[in-house]
Amino acid sequence: MKIIQLDPSLTYRPEPENDQYRNYKDGPLLDRVRKTYTLMHTYQTVQFVKEKHVQWGSCTHRKMSVMDALSLLDNLVDESDPDVDFPNSFHAYQTAEGIRRIHPDKDWFQLVGLLHDVGKIMALDNEPQWSVVGDTFPVGCKFQESIVFSDTTFRDNPDTKHPIYSTKYGIYKPNCGLENVLMSWGHDEYLFKVLKFNKSSIPEEGLYMIRFHSFYPWHTGGDYQHLCNDKDHRMLNWVKEFNKFDLYTKTEDLPDVELLRPYYQGLIDKYCPGVLSW
């Protein structure tokens, strides 16, 4: 079985509500984390992101059910996390069950918790980690200070020297809305595109959570307000609510996946049934 090590950024995100899980200033994984972000911040350019939209946006790589895609996360282990060491599939069920306990009336929200990281299956098709995991950020405008390691890691990104891409608004208009912004490529945007392509009936709030849950410079750092519109401001509370469960449900108390699978299969059948194009 091929095990893919994913998302070293998880250990180094600043969390104002609870800082016992992560240290983003020092630690045994800091060199690996910085290397991942240096590669990401060097090569995630406007041109690169547009190429990835063409490569993955047509959803022609695989055909499989959502549950089959979720099972692929059994092969994805985040060895950057100092507290837990188990496949991402367990984290998916932990997140979903955390949401289910607090929001038993919102089955679509529970499903979002289950699916939010499924886009990481790109790593199984040889996509490098720096274009699959980690915090996302807009390209085509000036990179903001709240981006992880932004003080040193963008030095070799050619967009920083571009006469338009290096300005505050770049290629965008004030308050254009995040849905009209080109984000760095990663698992958020990929899964969003898959669900839209396959006409999932997950409500707009859920699709928005999936698309922007890794946009930490915005929902946690408070940057990029100049690109947000009224919809983004309304959706921010949903994203913040989701991230509570994404971040703080990871424990060594692993869920009984076999017991839970029928319930979540029912949600999949309701909102994104059958064989999907990926």
Side-chain angles (χ1 to χ4, degrees), residues 3-15 19 21-53 55-56 76-83 85 88 117 119-168 170-171 181-190 211-224 227 243 246-247:
I3 301 297
I4 306 297
Q5 300 174 10
L6 283 184
D7 211 349
S9 68
L10 292 175
T11 309
Y12 291 93
R13 287 181 180 137
E15 303 303 339
D19 60 4
Y21 295 99
R22 296 173 175 87
N23 173 6
Y24 60 98
K25 295 181 179 179
D26 52 44
L29 299 174
L30 184 58
D31 289 343
R32 184 200 296 176
V33 172
R34 186 177 293 277
K35 180 179 179 180
T36 298
Y37 273 103
T38 299
L39 290 169
M40 180 192 301
H41 296 166
T42 298
Y43 296 112
Q44 290 266 9
T45 63
V46 170
Q47 180 178 346
F48 173 83
V49 171
K50 287 182 177 180
E51 290 172 355
K52 290 301 169 184
H53 276 263
Q55 178 183 350
W56 291 96
L76 307 180
V77 176
D78 177 7
E79 294 187 356
S80 70
D81 195 317
D83 300 310
D85 182 22
N88 271 200
D117 278 345
K120 291 180 180 180
I121 64 172
M122 285 190 294
L124 298 174
D125 283 322
N126 299 315
E127 195 66 41
Q129 288 191 22
W130 53 263
S131 65
V132 175
V133 305
D135 299 355
T136 57
F137 51 89
V139 297
C141 62
K142 184 178 180 179
F143 302 119
Q144 300 294 303
E145 292 182 359
S146 62
I147 300 174
V148 177
F149 301 129
S150 62
D151 56 334
T152 59
T153 52
F154 283 102
R155 291 173 180 171
D156 294 325
N157 186 310
D159 286 1
T160 61
K161 303 174 181 65
H162 192 281
I164 297 176
Y165 301 162
S166 60
T167 63
K168 178 180 179 179
I171 60 177
V181 170
L182 199 60
M183 300 295 295
S184 59
W185 184 255
H187 66 281
D188 299 34
E189 186 69 21
Y190 175 51
R211 192 176 195 181
F212 296 109
H213 74 272
S214 297
F215 188 12
Y216 276 78
W218 170 61
H219 64 65
T220 299
D223 275 335
Y224 296 101
L227 300 180
N243 271 68
D246 185 18
L247 294 170

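It should be emphasised that the depicted structure is a prediction, and the values quoted were computed from it without experimental measurement.
The structure places CG of Leu227 at 9.0 Å from NZ of Lys168, a figure rounded to the nearest 0.5 Å. Once rounded to the nearest 0.5 Å, the distance linking CG of Asn243 with OG of Ser214 reads 8.0 Å. With values rounded to the nearest 0.5 angstrom, Ser150 atom OG is found 7.5 Å from His41 atom NE2. Taking CE of Met40 as the start and CG of Asp135 as the end, the distance is 7.0 Å to the nearest 0.5 Å.
Taking the ring centroids of His53 and Trp185, they lie under the 6.0 Å cut-off.
Side-chain contact of Asp117 with His187: a donor-acceptor pair under 3.5 Å is present, judged by distance alone. A donor-acceptor pair shorter than 3.5 Å can be found between the side chains of Trp56 and Glu127. In summary, the side chains of Thr136 and Asp188 do not present any donor paired with an acceptor at a separation below 3.5 Å, with no hydrogens or angles considered. A donor and an acceptor atom, one from each side chain of Lys52 and Gln55, are located under 3.5 Å apart.
A pairwise comparison of heavy atoms in Glu145 and Asp223 identifies N-OD2, 3.9 Å as the closest pair. Among all heavy-atom pairs drawn from Phe48 and Ser131, the shortest one is CZ-CB, 3.8 Å. For the pair Ser146 and Gly221, the tightest heavy-atom approach, listed with the atom from each and the gap, is CB-CA, 4.1 Å. Residues Ser166 and Thr160 share a closest heavy-atom pair of CB-O, 3.3 Å. Of all heavy-atom pairs spanning Thr167 and Gly170, the tightest one is OG1-N, 3.0 Å. Shortest non-hydrogen contact noted between Gly119 and Tyr190 is O-CD2, 3.5 Å.
In this structure, Glu51 places its CD atom where more than 12 heavy-atom neighbours from other residues, nucleotides or ligands lie under 6.0 Å away. The 12-atom threshold is not exceeded at OH of Tyr43, counting heavy atoms of other residues, nucleotides or ligands nearer than 6.0 Å.
Counting heavy atoms from C-beta outward, Arg34 and Thr152 have side chains that approach closer than 4.5 Å. Counting only heavy atoms from C-beta outward, the side chains of Thr42 and Trp130 never approach each other to under 4.5 Å. Between Val49 and Met183 the shortest side-chain heavy-atom distance does not fall below 4.5 Å.
At distances below 3.5 Å, not a single donor-acceptor pair connects side-chain atoms of Tyr37 with backbone N or O atoms of Ile147. Gln144 contributes no side-chain N or O that, together with a main-chain N or O of Trp218, makes up a donor-acceptor pair within less than 3.5 Å. Looking at Asn157, its side chain does come within 3.5 Å of a backbone N or O of Gln44 through a donor-acceptor pair.
Partners of His162 by side chain to side chain contact (heavy atoms under 4.5 Å, CB included), not counting sequence neighbours, listed by chain and number: Ile164, Tyr165. Listed by chain and number, the residues in a ring-ring contact (aromatic ring centres under 6.0 Å, His included) with His219 are Tyr216 (sequence neighbours excluded). Phe143 pairs by the ring-ring contact (aromatic ring centres under 6.0 Å, His included) definition with Phe137, Phe154, not counting sequence neighbours.
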